[in-house]
Amino acid sequence: MALNRKLTHLLKGRTIQSESGDEGHVAITFDDESTLKLRVAGQATVRVGAKVEAVHEAGEHFQVDLEEGPSVQVQLADPGSSVALRDKSGAVQYLG
Amino acid sequence: MYIRALGLLLFLTRVLLAQEPTPILPDANMTPGDTFDVTAQDICTHGYARKVRDVPAEMKREVYREYGIISHGPGDYEIDHLIPLELGGSNSIKNLWPESHRTSPWNAQVKDRLEDKLHALVCSGQLDLKTAQQAIASNWIEAYKKYVSPNPPIPEPTSRGVPEAADIASQVWVNTRSGKYWKPGSRYYGKTKQGQYMSEEEAIQKGYRPANGTGE
């Protein structure tokens, strides 16, 4: 799976503070109050307190590697249109 | 036997070369258009489009496959966002299509003018973002006639220094503002507001560097 350099550059070192979501959506909030929203097919389990190491992506496969513990793996609902990262003020940091 | 094989090869080559770079409009079933969940404020923020991930090469190949384009020359097409990034378009395959640089008068350069115009109208508050997205997604040529000019553009194949077909394979597009250059078929080839075509060798000699390290 290819490294998503742009998103890795942004997320590396951020700690997952909370996770929420409903059917088809996951929202991960980080310690800097930024929020990563994913549109997913299926479910995702996210470990609060873990620090992001890297992000990999290939087609619908999306994976967040953490410094400790297992990676977060999700299946994107629509590759290219399912990932959005905004900072604490709501400004767009990344879309993909 | 050898001559027959050579003849067949020549025939196939001619068939491939004879293919016109089409279409000028995307197939609405394959490319209905798709957007990110963004507002006019988002897209009008300076540098917004740079925050969107580049379309992966594999997805570009998939778009060509989807449209049945098995072979194309350098500079024939670009993989275009039907609803452009600057209007909130996404990288979903539903928003990507092979857009011709060769057709006339309707081609990629002309659509760029429409995209810039719609972006300016949205950001000046004269046009609603959703309206702009729907207009360009439903029929970009009609949108051009409505928002840019009712008359078809006059073909200007050399207005931006576009090289002749025979020369294109050896040309890169230099974004003279950023100092980076793009190779044929890449995302910003011939698309930045400031730039010019030149050979890669000349670009390097002038101190320009390949975008993203490779120019692709």
Side-chain angles (χ1 to χ4, degrees), chain A residues 1-12 14 20-30 32-41 52 54-65 74-96, chain B residues 26 30-66 79-97 119 122-123 129 133 137 187-188 211-214 216:
Chain A
M1 213 181 309
L3 179 71
N4 183 327
R5 294 180 189 280
K6 198 175 261 189
L7 197 49
T8 295
H9 177 71
L10 288 163
L11 287 182
K12 187 177 171 64
R14 294 189 196 181
S20 61
D22 51 29
E23 185 67 32
H25 295 88
V26 175
I28 301 170
T29 304
F30 297 95
D32 64 352
E33 299 178 55
S34 59
T35 303
L36 179 68
K37 288 186 176 176
L38 306 169
R39 288 198 297 124
V40 298
V52 176
V55 180
H56 290 83
E57 192 174 347
E60 71 269 26
H61 302 292
F62 185 85
Q63 176 177 308
V64 181
D65 294 339
V74 297
Q75 191 178 346
L76 298 175
D78 184 7
S81 185
S82 298
V83 183
L85 176 68
R86 289 178 183 266
D87 68 15
K88 66 178 179 182
S89 66
V92 172
Q93 290 194 301
Y94 173 89
L95 294 166
Chain B
M30 292 190 284
T31 318
D34 188 72
T35 59
F36 287 117
D37 183 17
V38 291
T39 63
Q41 187 183 347
D42 289 326
I43 63 136
C44 296
T45 301
H46 181 70
Y48 163 81
R50 285 201 302 271
K51 292 169 182 168
V52 180
R53 189 189 188 201
D54 296 337
V55 178
E58 176 51 39
M59 187 173 273
K60 289 183 181 178
R61 286 192 287 271
E62 198 177 333
V63 174
Y64 282 120
R65 277 198 300 271
E66 194 179 42
I79 296 300
D80 178 62
H81 293 80
L82 175 59
I83 301 173
L85 296 180
E86 63 189 307
L87 289 175
S90 82
N91 280 348
S92 165
I93 197 163
K94 291 181 289 188
N95 194 44
L96 301 173
W97 67 296
H119 183 260
V122 169
C123 292
L129 177 59
Q133 291 171 341
R187 185 179 183 184
Y188 292 111
N212 297 329
T214 62
E216 293 174 347

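Note on naming: letters A, B, ... go to the chains in the order of the sequence lines (proteins, then strands), and numbering restarts at 1 for each one.
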(message) Checking B:Val63 now: which residues fulfil side chain to side chain contact (heavy atoms under 4.5 Å, CB included) with it, not counting sequence neighbours?
(response) B:Tyr67, B:Ile79, B:Ile93, B:Leu96, B:Pro98

(request) Go through the atoms of B:Val55 and report whether side chain, backbone, both or neither lie under 4.5 Å from a heavy atom of chain A. (result) neither

Candidate polar pairs, chain A side and chain B side, donor-acceptor under 3.5 Å:
| residue | atom | partner | partner atom | Å |
| --- | --- | --- | --- | --- |
| A:Lys6 | NZ | B:Arg50 | O | 2.7 |
| A:Lys6 | NZ | B:Val52 | O | 2.8 |
| A:Glu57 | OE1 | B:Arg53 | NH1 | 3.4 |
| A:Glu57 | OE2 | B:Arg53 | NH1 | 3.4 |
| A:Asp78 | OD1 | B:Ser92 | OG | 3.1 |
| A:Asp78 | OD2 | B:Ser92 | OG | 3.0 |
| A:Asp78 | OD2 | B:Lys94 | NZ | 3.3 |
| A:Gly80 | O | B:Asn91 | N | 2.9 |
| A:Gly80 | O | B:Ser92 | N | 3.4 |
| A:Ser81 | OG | B:Asp34 | OD2 | 2.7 |
| A:Arg86 | NH1 | B:Asp42 | OD1 | 3.1 |
| A:Arg86 | NH1 | B:Asp42 | OD2 | 3.3 |
| A:Arg86 | NH2 | B:Asp37 | O | 3.2 |
| A:Arg86 | NH2 | B:Asp42 | OD2 | 2.8 |
| A:Val92 | O | B:Lys51 | NZ | 3.3 |
| A:Leu95 | N | B:Lys51 | O | 3.1 |
| A:Leu95 | O | B:Arg53 | N | 2.9 |

